Amino acid sequence: AQSVSQHNHHVILSEAASLELGCNYSYGGTVNLFWYVQYPGQHLQLLLKYFSGDPLVKGIKGFEAEFIKSKFSFNLRKPSVQWSDTAEYFCAVGTNAGNMLTFGGGTRLMVKP
Amino acid sequence: DGGITQSPKYLFRKEGQNVTLSCEQNLNHDAMYWYRQDPGQGLRLIYYSQIVNDFQKGDIAEGYSVSREKKESFPLTVTSAQKNPTAFYLCASNARQTAGYTFGSGTRLTVV
């Protein structure tokens, strides 16, 4: 079975700092990759996704992620964070075995104004 | 607008009681899922259903039960056998994997 690891459980940044959240998965076949965001008190929303084509994917609110197949990674990046980016971020992986996604443990990001 | 509705938003239960959490979707999605979210533990899969009248156990199914009698509805019952039921419960659905999940707003269950 596949697994997903998010290495940073808590990240604290100041506004305008650059962000990179790590995500690694274990699965040897074709994968579909997702990042979800959960703002305080809100439900999970899709930030971006990759399933084929350009490995550099751009999502909402200035976020992007790069799929590096050789490293089994799908790291999330943002050049300059804002206070409003304070949230919990989840990486998820799907395979051709079905519709279900496997989620990482999440990373709590706090951006200090 | 289409979406997933979870109710109630907050639920309190006495120890030893069963309680049922509602999840309804009007997205015409075949697959539905229940996750439990605890601080620092991410999302853990309880049960899932790929089609009406069929469902499968996830990683932490003990103490929970589900039914899928209608495509739109996937209720979760937290039974008295669940040792630590206080948590945030999320329902999700999708039509196909590449579209990702649509999530409900969750139900926070507290056992008192």
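Residue numbering restarts at 1 for every chain, and letters A, B, ... go by the order of the sequence lines. Because only heavy atoms are used, hydrogens play no part in the values below, and waters and symmetry mates are left out as well, while side chains stay in. Given the structure is predicted, the values throughout are model-derived calculations rather than measurements.
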Assigning hydrophobic clusters by single linkage (Ile, Leu, Val, Met, Phe, Trp, Tyr; side-chain heavy-atom cutoff under 4.5 Å), is Leu90(B) placed with Ile60(B)?
no
With a 4.5 angstrom heavy-atom cut-off, could you sort out which part of Gln50(B) is near chain A: side chain, backbone, both or neither?
side chain
Say whether Leu45(B) and Met32(B) are linked into one hydrophobic cluster, either directly or through other cluster members, by side-chain heavy-atom distances under 4.5 angstrom.
no
Go through Asn94(B) and Met100(A) one step at a time and tell me if the side chain to side chain contact (heavy atoms under 4.5 Å, CB included) criterion holds.
CA-CA 9 Å; Asn94(B) 66 350; Met100(A) 192 165 60; over 6 Å; no
Here the pair of heavy atoms bringing Leu101(A) nearest to Tyr101(B) is N-OH, 2.8 Å
Give, for atom CD of Gln37(B) and atom CZ of Phe90(A), the distance between the pair rounded to the nearest 0.5 Å.
4.5 Å
Against chain B, label Gln42(A) side chain, backbone, both or neither, depending on which of its atoms sit under 4.5 Å from a heavy atom there.
neither
Which answer fits Gln6(A), side chain, backbone, both or neither, if we ask what part of it has an atom under 4.5 Å from a heavy atom of chain B?
neither
Gap between atom CD of Glu88(A) and atom CG of Leu43(B) - 0.5 Å precision:
8.0 Å
Are Tyr39(A) and Ile60(A) linked, directly or through other ILVMFWY residues, by side chains that come within less than 4.5 angstrom of each other?
yes
Take atom CD1 in Ile51(B); do more than 12 heavy atoms of anything else shown fall under 6.0 Å from it?
no
Are there more than 12 heavy atoms of other residues, nucleotides or ligands under 6.0 Å from atom CD of Glu62(B)?
no
Is it true that Trp34(B) and Tyr64(B) fall in one hydrophobic cluster, defined by side-chain heavy atoms closer than 4.5 Å?
yes
Closest non-hydrogen atoms of Phe103(B) and His43(A), given as atom of the first, atom of the second and distance, are O-CD2, 3.9 Å
Examine whether an atom of Tyr50(A) lies under 4.5 Å from a heavy atom of chain B, and if so say whether it belongs to the side chain, the backbone or both; otherwise answer neither.
neither
ILVMFWY network linking Val66(B) to Tyr33(B), side-chain heavy atoms under 4.5 angstrom:
no
